[in-house]
Amino acid sequence: MTSAAETGEPLTIDDLARRVQLPVRTIREYHTMRLLPPPERQGRLGLYHDRHVERLRLITRLQRRGYSLAGIRDLLAAWESGTDLVTLLGVDESQAALDETPLWLTRAELFQRLPALEEATLSRASRIGLVLPHGEDHFLVRSPALLALVADWVQAGVPLGEALDLIEVLVGDLDMLAGRLADLIVARIWEPLSAAGRAGDLPDLLRRGRPLLLQGAASTLADRIGAALAERAGTASDGARLRTILDEIRVGAVADSAGTIHRVRRR
């Protein structure tokens with residue numbers, strides 16, 4: 001027998017849940033978290049279509065690769081705002097969604113994205129790795145997101161020099177962390193695998209570890225920034241409003257091992 005999903009006919013939420021093998025309550029929570037587009041309404045009945053099936057399957061795949069629901073929501077929001085999915089998720093499924101495609105810009109295009117740049121600050125931005133000279137009049141931006149973040153900071157009133165100070169600290173700390181990770185991988189994974197004649201196992205470990213490390217670092221940093229801002233709200237002007245804003249944007253749900261989402265009570 002051919003199901004409604006297979007013929008392209010509209011699905012009720014129960015049909016959709018059976019199709020994607022998720023509890024109905026999980027689908028409702030995805031709506032609450034803005035992970036899933038709303039259903040088509042016919043009176044009081046909500047009807048779902050193939051795009052909902054595809055979206056739920058994508059969410060499931062990303063969760064299996066280690067992405068948090070908050071991270072998935074941000075990726076989907078970026079996609080819907082015009083960023084293509086290949087850029088978001090990489091050319092193939094082994095590439096991490098958070099590992100961006102580098103951006104190649106002319107000098108004019110770079111200055112348009114970050115108008116506060118001048119020749120002196122451009123030299124410093126190149127030295128710390130925010131942008132890299134690429135040919136006579138072009139620049140390679142390894143992280144377009146980091147460039148956009150600096151542009152946002154400057155537009156909000158942060159002096160460009162202070163923004164570059166922070167990027168320099170970030171890059172320096174990441175260099176140190178990368179060195180420690182490389183030492184551990186070589187000493188504790190590569191050398192034993194090589195000695196056991198299992199060197200071929202390393203590529204799969206690295207492919208799996210790359211997105212997990214990137215997502216874990218992003219999630220941990222987001223939590224640490226939130227905690228640091230909450231701490232400073234105690235002494236900031238209009239700190240109560242700042243705490244309210246932080247509460248509005250924090251991740252308000254957790255998922256159990258079955259994929260069921262549970263709301264987290266606000267403190």
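We number each residue from 1, following the sequence as shown.
For Arg224, the CZ atom is loosely surrounded, since the number of other residues' heavy atoms within 6.0 Å does not exceed 12. The 12-atom threshold is not exceeded at CD of Gln155, counting heavy atoms of other residues, nucleotides or ligands nearer than 6.0 Å. Shown here is Gln112, whose CD atom has no more than 12 heavy atoms of other residues, nucleotides or ligands within 6.0 Å.
Put simply, the side chain of Val53 reaches to within 4.5 Å of the side chain of Leu11, judged on heavy atoms. Residues Leu22 and Tyr30 meet the side-chain proximity criterion, which asks for heavy atoms closer than 4.5 Å. Residues Leu205 and Ile185 form no side-chain contact, since every pair of their non-hydrogen atoms from C-beta on lies 4.5 Å or further apart. Looking at heavy atoms from C-beta onward, Ile167 lies in side-chain contact with Trp153 at the 4.5 angstrom threshold. Under the 4.5 Å side-chain criterion, counting only non-hydrogen atoms from C-beta, Glu29 is not in contact with Thr26. The side-chain heavy atoms of Leu140 and Leu103, taken from C-beta on, include no pair separated by under 4.5 Å. Counting heavy atoms from C-beta on, the side chains of Tyr48 and Pro10 never come closer than 4.5 Å. Side-chain contact between His138 and Leu105 is absent, with no heavy atoms from C-beta onward closer than 4.5 Å.
In this structure a side-chain-to-backbone donor-acceptor pair under 3.5 Å is missing from Thr121 to Leu117. In this structure, Ser126 contributes its side chain and Leu122 its backbone to a donor-acceptor pair below 3.5 Å. Of the possible polar contacts, one joining the His52 side chain to the His49 backbone as a donor-acceptor pair under 3.5 Å is found. The backbone N or O of Thr106 sits less than 3.5 Å from a side-chain atom of Glu109, completing a donor-acceptor pair. Under a 3.5 Å cut-off, the side chain of Ser194 and the backbone N or O of Trp190 do not form any donor-acceptor pair. Proximity of a side-chain donor or acceptor of Arg113 to a complementary backbone N or O of Leu147 within less than 3.5 Å is not detected.
When all heavy atoms are compared, the tightest approach of Ala163 to Val158 is N-CG1, 4.1 Å. A pairwise comparison of heavy atoms in His31 and Pro39 identifies CE1-CD, 3.8 Å as the closest pair. In terms of heavy atoms, Gly46 sits closest to Arg41 at N-NH1, 3.5 Å. The shortest heavy-atom contact between Ala199 and Pro203 is O-CD, 3.8 Å. When every heavy atom of Leu56 is checked against every heavy atom of Val20, the shortest pair comes out as CD1-CG2, 3.8 Å.
Interatomic distance, CG of Leu206 versus CG of Leu213, reported as 11.0 Å (0.5 Å rounding). One distance of note links CD of Gln21 with CZ of Arg19; it measures 9.5 Å at 0.5 Å rounding. Taking CD of Glu9 as the reference point, atom CG of Leu47 lies at 11.0 Å (rounded to 0.5 Å). Taking CD1 of Ile189 as the reference point, atom CG of Leu202 lies at 7.5 Å (rounded to 0.5 Å). Taken from CG in Leu36 to CZ in Arg28, the straight-line distance is 11.5 Å, to the nearest 0.5 Å. Separation of atoms CG (Leu62) and CD1 (Ile72) is listed at 5.0 Å; rounding is to 0.5 Å.
Using a 4.0 Å cut-off between a side-chain N of Lys or Arg and a carboxylate O of Asp or Glu, Glu168 and Arg124 qualify as a salt bridge. For Asp238 and Arg243, the salt-bridge test fails: no basic side-chain N is under 4.0 Å from an acidic carboxylate O. For Glu119 and Arg107, the salt-bridge test passes: some basic side-chain N is under 4.0 Å from an acidic carboxylate O. By the 4.0 Å N-to-carboxylate-O rule, Asp204 lies close enough to Arg207 to be salt-bridged with it.
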Subject >> Worked check of side-chain contact (heavy atoms from CB on, under 4.5 Å) between Val169 and Asp165 >> reply: CA-CA 6 Å; Val169 171; Asp165 286 343; 5.8 Å; no

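When hydrophobic clusters are built by joining Ile, Leu, Val, Met, Phe, Trp and Tyr residues whose side-chain heavy atoms come closer than 4.5 Å, directly or via intermediates, Leu110 is grouped together with Leu149. There is a path of hydrophobic side-chain contacts, each under 4.5 Å, that joins Leu114 to Val171. Following chains of ILVMFWY side-chain contacts shorter than 4.5 Å, one can reach Leu166 starting from Leu170, so the two form part of one hydrophobic cluster. Note on Ile128: it clusters hydrophobically with Phe111, by side-chain heavy-atom contacts below 4.5 Å among ILVMFWY residues. There is a path of hydrophobic side-chain contacts, each under 4.5 Å, that joins Leu130 to Leu174.
Applying the side chain to side chain contact (heavy atoms under 4.5 Å, CB included) criterion to Ile245, with sequence neighbours excluded, gives Arg241.
Side chains of Asp223 and Thr220: a donor-acceptor N/O pair is absent below 3.5 angstrom, by distance only.
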